[in-house]
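What follows is a set of notes on a single structure, which appears directly below.
Only a predicted model underlies this, so the values are computations on that prediction, with no experimental measurement involved.
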Amino acid sequence: MAEETLPILYRDKHLVVVDKPPGLLVHRSEIDRHETRFAIQILRDQIGQRVWPAHRLDRGTSGVLVFALSPGIAAELGRQFEAGTVDKRYRAVVRGYPPAAGDIDHALSRQRDDYEFRGERSSDAPQPARTRFRRLAEIELPYAVDRYPTSRYALLELEPLTGRRHQLRRHLKHIAHPIIGDATYGKGKHNRFFAEQFGCRRLLLACVRMAFEHPVDGRRLGIEAPLSGEFAALLERFGWTPEAPR
């Protein structure tokens with residue numbers, strides 16, 4: 001049986017960027033103590049050296065995932081994420097028709113892992129959080145999924161301007177346009193409809209582009225991950241293009 005590998009989008013002697021599939025945890029977590037597959041372990045075995053994740057993607061989210069090849073590079077990349085200088089673009093399919101464009105400015109309570117250290121000065125108070133969005137496409141389907149005779153869905157480009165945990169999923173729920181396939185913040189009726197009608201059971205959220213300064217030579221790197229699998233098949237079925245108008 002062939003060993004599992006991850007698609008590599010970029011690699012040099014300092015960092016490696018992969019296209020994470022949906023359903024894969026980045027590293028071991030209390031979320032699922034019985035899980036045995038992790039991106040960090042698969043990539044380590046694949047390239048034959050230790051790797052350090054520079055950020056995280058939720059288990060259900062696919063797309064661009066950056067790893068450093070040393071703790072120092074990981075720290076430098078982490079500073080960029082913390083400073084908000086990393087440009088991140090996502091695609092998401094949501095329920096309903098959001099406005100053509102908007103800026104969600106809504107503070108989010110801090111979410112921690114069960115095992116995360118809590119110092120005396122740590123706080124669970126809401127933290128500022130902002131997300132920009134653009135509606136790229138929409139569709140109305142002749143199915144009464146909820147209380148209306150038809151059901152509307154939209155494809156969004158999302159740009160998180162802060163990096164709170166589950167920010168995009170929580171912000172889209174906040175404006176009443178939850179992401180399809182989101183078992184925590186979404187709507188079960190619509191999730192089941194997509195699974196049964198289109199065979200699409202994944203969270204329809206993907207990081208399609210990330211741009212940041214190379215931590216050693218300062219080059220601006222722009223890494224893209226094309227939509228694939230169930231996500232790409234759904235867009236084709238709806239006649240949507242994954243590209244955002246420039």
Side-chain angles (χ1 to χ4, degrees), residues 3-29 31 35 37-92 111 113 116 129-132 157-169 171 179 202-229 231-232 242-244:
E3 290 187 1
E4 184 175 10
T5 60
L6 299 174
I8 292 179
L9 304 171
Y10 175 87
R11 182 182 179 184
D12 61 26
K13 63 182 181 179
H14 303 291
L15 54 94
V16 58
V17 185
V18 303
D19 184 358
K20 186 186 89 67
L24 181 66
L25 287 168
V26 174
H27 47 64
R28 191 176 298 277
S29 168
I31 295 172
E35 183 58 72
R37 297 167 55 252
F38 312 98
I40 191 170
Q41 174 186 341
I42 294 170
L43 184 60
R44 179 198 66 197
D45 294 344
Q46 180 177 341
I47 67 174
Q49 63 184 110
R50 290 189 66 187
V51 296
W52 288 260
H55 62 111
R56 73 164 84 193
L57 289 178
D58 293 343
R59 180 178 191 160
T61 306
S62 62
V64 181
L65 181 61
V66 183
F67 287 90
L69 298 181
S70 71
I73 295 297
E76 175 53 37
L77 289 168
R79 281 190 283 271
Q80 292 188 47
F81 280 96
E82 187 69 25
T85 60
V86 178
D87 179 35
K88 297 165 282 187
R89 303 299 170 110
Y90 290 74
R91 295 289 182 273
Q111 293 188 338
D113 294 314
E116 187 175 338
R130 282 185 63 203
T131 301
R132 287 197 189 114
E157 177 186 62
L158 302 174
E159 180 187 1
L161 302 179
T162 51
R164 308 309 177 198
R165 194 169 188 185
H166 299 169
Q167 175 175 315
L168 298 179
R169 296 162 58 192
H171 268 176
I179 299 174
R202 61 159 290 179
L203 173 69
L204 289 174
L205 177 64
C207 181
V208 296
R209 187 175 193 277
M210 193 169 290
F212 54 90
E213 306 294 330
H214 193 285
V216 175
D217 59 32
R219 283 178 296 134
R220 187 74 176 172
L221 291 176
I223 315 283
E224 298 188 355
L227 294 176
S228 60
F231 207 146
E243 298 305 316

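With rounding to the nearest 0.5 Å, the separation of CZ in Phe231 from CG in Leu204 is 5.0 Å. Annotation: the span from Thr61 atom OG1 to Arg169 atom CZ amounts to 6.5 Å, rounded to 0.5 Å. Between the CG atom in Asp19 and the CG atom in Leu227 there is a gap of 9.0 Å [rounded to 0.5 Å]. Going from atom CG of Leu168 over to atom CG of Leu203 covers 10.0 Å, rounded to the nearest 0.5 Å. For the atom pair CG of Asp12 and NE2 of His14, the computed distance is 6.0 Å after rounding to the nearest 0.5 Å. Taken to the nearest 0.5 Å, the CG atom of Asp58 stands 10.0 Å off from the CG atom of Leu25.
Looking at residues two or more places apart in sequence or on another chain, you find a side-chain contact (heavy atoms from CB on, under 4.5 Å) between Thr162 and Ala129, Arg164, Gln167. Not counting sequence neighbours, the partners of Glu213 by the salt bridge (charged side-chain N to carboxylate O under 4.0 Å, His left out) test are Arg220. Remark: Arg11 pairs with no residue by the side chain to side chain donor-acceptor pair (under 3.5 Å) rule, at least two apart or across chains. For Glu76, the side-chain contact (heavy atoms from CB on, under 4.5 Å) test picks out Arg79, Gln80, Pro215, with sequence neighbours left out.
Side-chain N or O atoms of Lys20 include one that pairs as donor or acceptor with a backbone N or O of Arg59 at under 3.5 Å.
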Could you walk me through whether His171 and Leu158 pass the side chain to side chain contact (heavy atoms under 4.5 Å, CB included) check? CA-CA 10 Å; His171 268 176; Leu158 302 174; over 6 Å; no

Can you list the steps and then say if Leu9 with Glu224 is a side chain to side chain contact (heavy atoms under 4.5 Å, CB included)? CA-CA 8 Å; Leu9 304 171; Glu224 298 188 355; over 6 Å; no

Report the C-alpha separation of His214 and Leu15 in whole Å, then their side-chain angles, then the decisive distance to 0.1 Å, and conclude whether the side chain to side chain contact (heavy atoms under 4.5 Å, CB included) test is met. CA-CA 9 Å; His214 193 285; Leu15 54 94; 4.1 Å; yes

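In this structure, the side chains of Leu221 and Phe212 come closer than 4.5 Å at one or more pairs of heavy atoms. Under the 4.5 Å side-chain criterion, counting only non-hydrogen atoms from C-beta, Ile40 is in contact with Pro53.
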Show me the donor-acceptor pairs within less than 3.5 Å that the side chains of residues 62-75 make with the rest of the protein, sequence neighbours left out.
residue	atom	partner	partner atom	Å
Ser62	OG	Arg202	NH1	3.2
Ser62	OG	Arg202	NH2	2.9
Ser70	OG	Ile73	N	3.2

Validation: residues 44-52 side-chain donor-acceptor distances under 3.5 Å, sequence neighbours left out:
residue	atom	partner	partner atom	Å
Gln46	OE1	Leu6	N	2.7
Gln46	NE2	Leu6	O	2.9

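Here the options are Glu82, Lys88, Met210, the test is side chain to side chain contact (heavy atoms under 4.5 Å, CB included), and the partner is His55; only Met210 passes.
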